[in-house]
Every structure is written in C-alpha cells, then in structure tokens.
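Written out below as structure tokens is the structure these notes cover.
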Amino acid sequence: MTDLDIRVLDDEAQRRAAHSLFRGTLHHAPAPDELWEVVKGTYEPGRAFGAYSGDDLVGTVQSFPSALAVPGGAVVPMAAVSRVGVRADWTRRGVLSALQRTQLKALRDGGDVAATLRASEGVIYERFGYGVATRYREVRIRKRQATPRVPITGRVRLVPADEAAPLVRKLFERLSPGRAGTIGRWSGWWDLNVVRPAEGREKLRFAVCSGEDGDDGYLVYKVEPGSWDRGVEKPTVLEVTDLWAGNERAWADLWGFALRVDLVGEVFAHGRPLDEPLEWLVVDRRAVFVEDVADETWLRLLDVPAALAARTYGDAEPVVVGVRDRYLPENEGSYRVTSSGASRTDAEPEFVVDVEVLGAAYLGDVSFSALAMTGHFAGASKDVLKRADKLFAGDEVPWAGTFF
Ligand SMILES: CC(=O)SCCNC(=O)CCNC(=O)[C@H](O)C(C)(C)COP(=O)(O)OP(=O)(O)OC[C@H]1O[C@@H](n2cnc3c(N)ncnc32)[C@H](O)[C@@H]1OP(=O)(O)O
C-alpha cells in the first residue's frame, strides 16, 4: 500500500471535497450549492475522515451520532457510518482499510458502543467486523384487492407539509426507541429526509393518527401518478416512506388509511419489518407481494464488553463465548453470558466467534445454530449452540426502520 495520511476533516472546504468525492463514487455529480447548504450541517466535528496521498484526497468515511436499541430496551451510543467512498483510480489499494482502521478506533475511543451502516454491496464490510443484524422487507399491495379487515377506529388527519416536519419528529422521538435494532435519528437526518423534501418537489404527504390519549402514530407517503398507454395501465402508486405507530390500533389505522386513499392502484413500502402482519390485515392475503427481503443493519460491535453487558438474555444455562477481532484487539477474550448478564471471564471459551458473527447474532436476527450450519464454530457442540441460541434470542424480530 502507498503511504496514506488519514486526517480528520474539520473545515468546510475539506468536507465539501469529501462529499463530492463520495457522490462521485456513487456516480452522482457534486451537490449543488443549495443542497450543500443543508448537507454541510450534517458533518459532525471529529466524525469525518479523509485519506490523503500527499495533498490529494483519495477516500473518505464519516458517521452521524446516533443510538441503538438493544434487546431488553436499553439504548447504547452508536455511530451511523455513511458516505464511504474511495476514488475510482485508488480502489483496491487498501484505502478503505486504512480509513476503517482509524475510524473504528476513533469511534470506540469516543464512547460509541457500536457502529451501524447500510451497505452498497454485500462483500465490503464483513472484513471490518460488520455483520448483518437486521433485515427488512419490501412490500407491494394491490390496493383494489386489499380491503382492510378492520375499520379505522381512531382518527387519521392529514397535516400540511409546513407544519408536519416538527410534528412527526416529535412523535418519532416520543415513540422511540422501538424494538431492538431501532436507532435514533439525528437533526441532519430530519433535514435531509423530511424537511427538505417536504419543502421541495417530492410532494411528501403527512398523516397523523390519534386515539383516546392523543396523537400516537404517523404516516409519511408520496403518490406517483400512473398512466394509460394503449390499453396498458401503469398504476398510480402510493409509497409509504415512513410509518411509526405507538400501538396496534394506530398501526391498523395508518395502514387502513393508506389502503383506502382513492385513485391508487398499488401501495408500496420499502424497509418494513419482517414480521409486520400486513397479510393478516387484508381480506385477500394474495393482494400482498413481498418483493424483497434484504439486509438492513450492518452492525459492528466496537466495545464488546459494553455491548454484551447492555442487553438482556433469555432463560438458559450460561455459555462462555470467545471473541476474535482483528481491528479492535481490545475486544478479544472470553465472555460468560448468563440469563442475568454478561461479562469478561478467564474461563476457556466453549466456542469462538469473529466479531462480525457476534454482531449478526447480537440483536437476535440469526441463531448460532443456523450460523453453525454455514461453517462457523467448527467443533462446537449442539448443546452449547442451543444454550447460546436461547440466551441471545429476542422477543421481537429486530428492525431499524431508518435508512441513511
Ligand atoms: C456505508 C456506505 O457509505 S456504503 C457505500 C460504499 N461506497 C461505494 O460503494 C462506492 C464505490 N466503491 C468504493 O468507493 C470502494 O470500492 C470501496 C469504498 C467500497 C472500497 O474501497 P477500497 O479502498 O477499494 O477497499 P480496500 O482496498 O481497502 O479493500 C479491502 C479489501 O476489501 C475488498 N473489497 C473492497 N471493496 C470491494 C468490493 N466493492 N467488491 C469486492 N471486494 C472489495 C478488496 O478486494 C480488499 O480485499 P483483500 O484485503 O483481500 O485484498
């Protein structure tokens, strides 16, 4: 590898250059001034890094300050890693590896217990200790076939875009954290994903629902008009971009509302939890098509002792897990996990996991027994893995629900 200098990007010109470099790696043009005015506020002090060859910026990574809900309801400081890119003439020469080495250490030293990201490709991040810890599904519903089984029993009201952004943000913060895997949203997330699109051309619509105790859920959606072309119908699609409900009634009311909007052929939703019972909400379950089930959260445990101590465990006999971590060796060692907690131990491990595998199992999305079927933990007994499965299982399917 050529000598690289990894620097913290702490002035606006450096950050703008890094942002343009990142956009270039995704084949986008640099952000125009009007967009940069919003984006620049989303760069946090000390959280953006550039890789330089001499004075030439060749790669970048950064993160947003966030938080992660873990099984049992605790919330740990989490870095939401994004804007990862290496200039096309510098790829496969170790630039991202050098950036990761610096970033992972800086985040751990700064107190983040975990890092998460959304990956552009499935083959990049395991080597840096990230495992797939939550998944989502993409759902398309043929509206004409999808009569809801239950009436709307609360009140759903449309809120004008200029009033909606602060209202839905407040509601999200009141309804959060949700199940394990849900994350905190930082100010810049709201600016880029709600405030700016609501002001601009994207025509976001906002519906808020309320029950006896006031507002308890919201829906953000947009409608893409369809067309008729020589007898072929392209349906009008209502796209659910964000839906949070504080209880079962609010959930059924918001979906019921989306499924009742007139002159809509299909309702589409990206990034929904795997166990959302939409098929049971409608009279004809064949109206619901699952178009994709995909990786959502790539989770990197930065501080393994703190992460293992933060979550609760199921009811099973203890297990001693060994952890391997090439990038953060301070995480290596044995951990005794019991139904009342987890901590370091000097005992011999009953099986050994790489940190990316522990990340994948940490929120309960995949069991150790399933991972053993794919070549992990050679020699570990079925009994040990069953104990680990029971300890790490969560009571709900984990899900983040926020794309960044
Ligand atoms: C959270 C996000 O922001 S996701 C967006 C990520 N960015 C992009 O997808 C933009 C386009 N891609 C890129 O900018 C770059 O290819 C990056 C950032 C993904 C990788 O950067 P590089 O500097 O090439 O990675 P680096 O050279 O350190 O690679 C380390 C190892 O990963 C492998 N690797 C890295 N990226 C890829 C890839 N896309 N496909 C296959 N292998 C890869 C390398 O071959 C190398 O393997 P080795 O250790 O066995 O030699």
Side-chain angles (χ1 to χ4, degrees), residues 21-28 49 51 59-64 66 68 78-88 90-101 103-104 107 114-140 180-183 268-275 289-302 307 323-328 353-378 392 394 397-404:
L21 184 152
F22 165 67
R23 284 179 62 96
T25 67
L26 298 184
H27 313 300
H28 296 312
F49 297 91
T60 184
V61 295
Q62 64 103 61
S63 66
F64 304 106
S66 180
L68 174 73
M78 183 271 285
V81 170
S82 79
R83 298 181 186 147
V84 176
V86 170
R87 226 171 63 187
W90 274 82
T91 52
R92 309 302 177 270
R93 294 163 74 176
V95 177
L96 179 58
S97 305
L99 283 161
Q100 284 288 302
R101 216 163 281 123
Q103 186 189 38
L104 291 172
L107 293 176
T116 71
L117 55 78
R118 310 286 178 260
S120 59
E121 292 189 85
V123 288
I124 301 170
Y125 292 104
E126 264 186 17
R127 73 192 72 238
F128 304 121
Y130 286 85
V132 174
T134 73
R135 293 167 293 146
Y136 64 76
R137 63 180 198 160
E138 212 169 87
V139 184
R140 191 174 297 277
T182 52
I183 68 172
F268 173 76
H270 174 84
R272 299 303 303 168
L274 299 191
D275 60 348
F289 294 84
V290 177
E291 294 201 335
D292 198 8
V293 173
D295 49 279
E296 183 191 39
T297 304
W298 287 74
L299 171 61
R300 207 309 171 186
L301 299 179
L302 297 167
V323 174
R324 269 190 302 250
D325 189 338
R326 282 192 307 135
Y327 275 77
L328 295 171
V353 298
D354 290 313
V355 72
E356 62 273 20
V357 177
L358 186 62
Y362 177 75
L363 297 173
D365 187 57
V366 63
S367 71
F368 290 97
S369 296
L371 290 162
M373 292 169 71
T374 65
H376 294 284
F377 333 125
F392 278 80
V397 178
W399 173 67
T402 300
F403 186 80
F404 59 91

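Scope of the values below: all heavy atoms of this structure, side chains included, with no hydrogens, waters or symmetry mates.
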Side-chain contact test, heavy atoms from C-beta onward, threshold under 4.5 Å: evaluate it for Leu274 versus Arg135 and give yes or no.
-> yes
Could you go through the side chain to side chain contact (heavy atoms under 4.5 Å, CB included) check for Phe268 and Glu138 one step at a time?
-> CA-CA 8 Å; Phe268 173 76; Glu138 212 169 87; 3.4 Å; yes
Please report the shortest heavy-atom distance between Thr297 and Ala400, naming the atom on each side.
-> OG1-CB, 3.5 Å
Name the orientation class of the two ring planes belonging to His270 and Tyr136 (parallel below 30°, tilted from 30 to 60°, perpendicular beyond 60°).
-> tilted
Quick one: do Arg272 and Trp399 satisfy side chain to side chain contact (heavy atoms under 4.5 Å, CB included)? Show the steps, please.
-> CA-CA 8 Å; Arg272 299 303 303 168; Trp399 173 67; 4.0 Å; yes
Taking all non-hydrogen atoms of both residues, which atom of Leu299 and which atom of Gly359 are closest, and how far apart?
-> CD2-O, 3.5 Å
Should Val86 and Thr25 count as side-chain neighbours, where that means a heavy-atom distance under 4.5 Å?
-> no
Phe49 backbone acceptor or donor facing Thr60 side chain under 3.5 Å = yes
For the student: nearest non-hydrogen atoms of Phe368 and Ala361, plus distance | CZ-CB, 3.6 Å
May I ask you to test the Val81-Leu107 pair for a side-chain heavy-atom distance under 4.5 Å?
-> yes
Does the side chain of Val139 come within less than 4.5 Å of Glu291's, by heavy atoms?
-> no
From Met78 atom CE to Leu301 atom CG, the distance as rounded to the nearest 0.5 Å = 12.0 Å
Taking every heavy atom of Gly181 against every heavy atom of Thr134, the minimum-distance pair comes out as CA-CG2, 4.3 Å
Are the side chain of Asp325 and the backbone N or O of Leu328 linked by a donor-acceptor pair below 3.5 Å?
-> yes
State which residues pass ring-ring contact (aromatic ring centres under 6.0 Å, His included) with Phe128; sequence neighbours excluded, sorted by chain then number.
-> Tyr327
May I ask you to test the Leu104-Arg300 pair for a side-chain heavy-atom distance under 4.5 Å?
-> yes
Check whether any side-chain heavy atom of Thr116 lies under 4.5 Å from a side-chain heavy atom of Trp298, and answer yes or no.
-> no
Under a 4.5 Å cut-off applied to non-hydrogen side-chain atoms, are Glu296 and Phe403 in contact?
-> no
Qualifying residue for side chain to side chain donor-acceptor pair (under 3.5 Å) with Asp354, from His376, Arg127, Arg324 = Arg324
Can you list the steps and then say if Ser63 with Gln103 is a side-chain hydrogen bond (donor to acceptor under 3.5 Å, both in side chains)?
-> CA-CA 9 Å; Ser63 66; Gln103 186 189 38; 4.6 Å; no
Let me see the working for Phe392 and Leu358 under side chain to side chain contact (heavy atoms under 4.5 Å, CB included), right down to the final yes or no.
-> CA-CA 10 Å; Phe392 278 80; Leu358 186 62; 4.3 Å; yes
Do you know the tightest heavy-atom contact between Ala133 and Leu363?
-> CB-CD1, 3.9 Å
Closest contact, heavy atoms only, Ala51 versus Val95 = CB-CG1, 3.6 Å
Kindly indicate, with the supporting measurements, whether the criterion side chain to side chain contact (heavy atoms under 4.5 Å, CB included) is fulfilled by Arg23 and Leu26.
-> CA-CA 5 Å; Arg23 284 179 62 96; Leu26 298 184; 5.8 Å; no
Hey, does Arg118 have a side-chain heavy atom less than 4.5 Å from the side chain of Ser82?
-> no
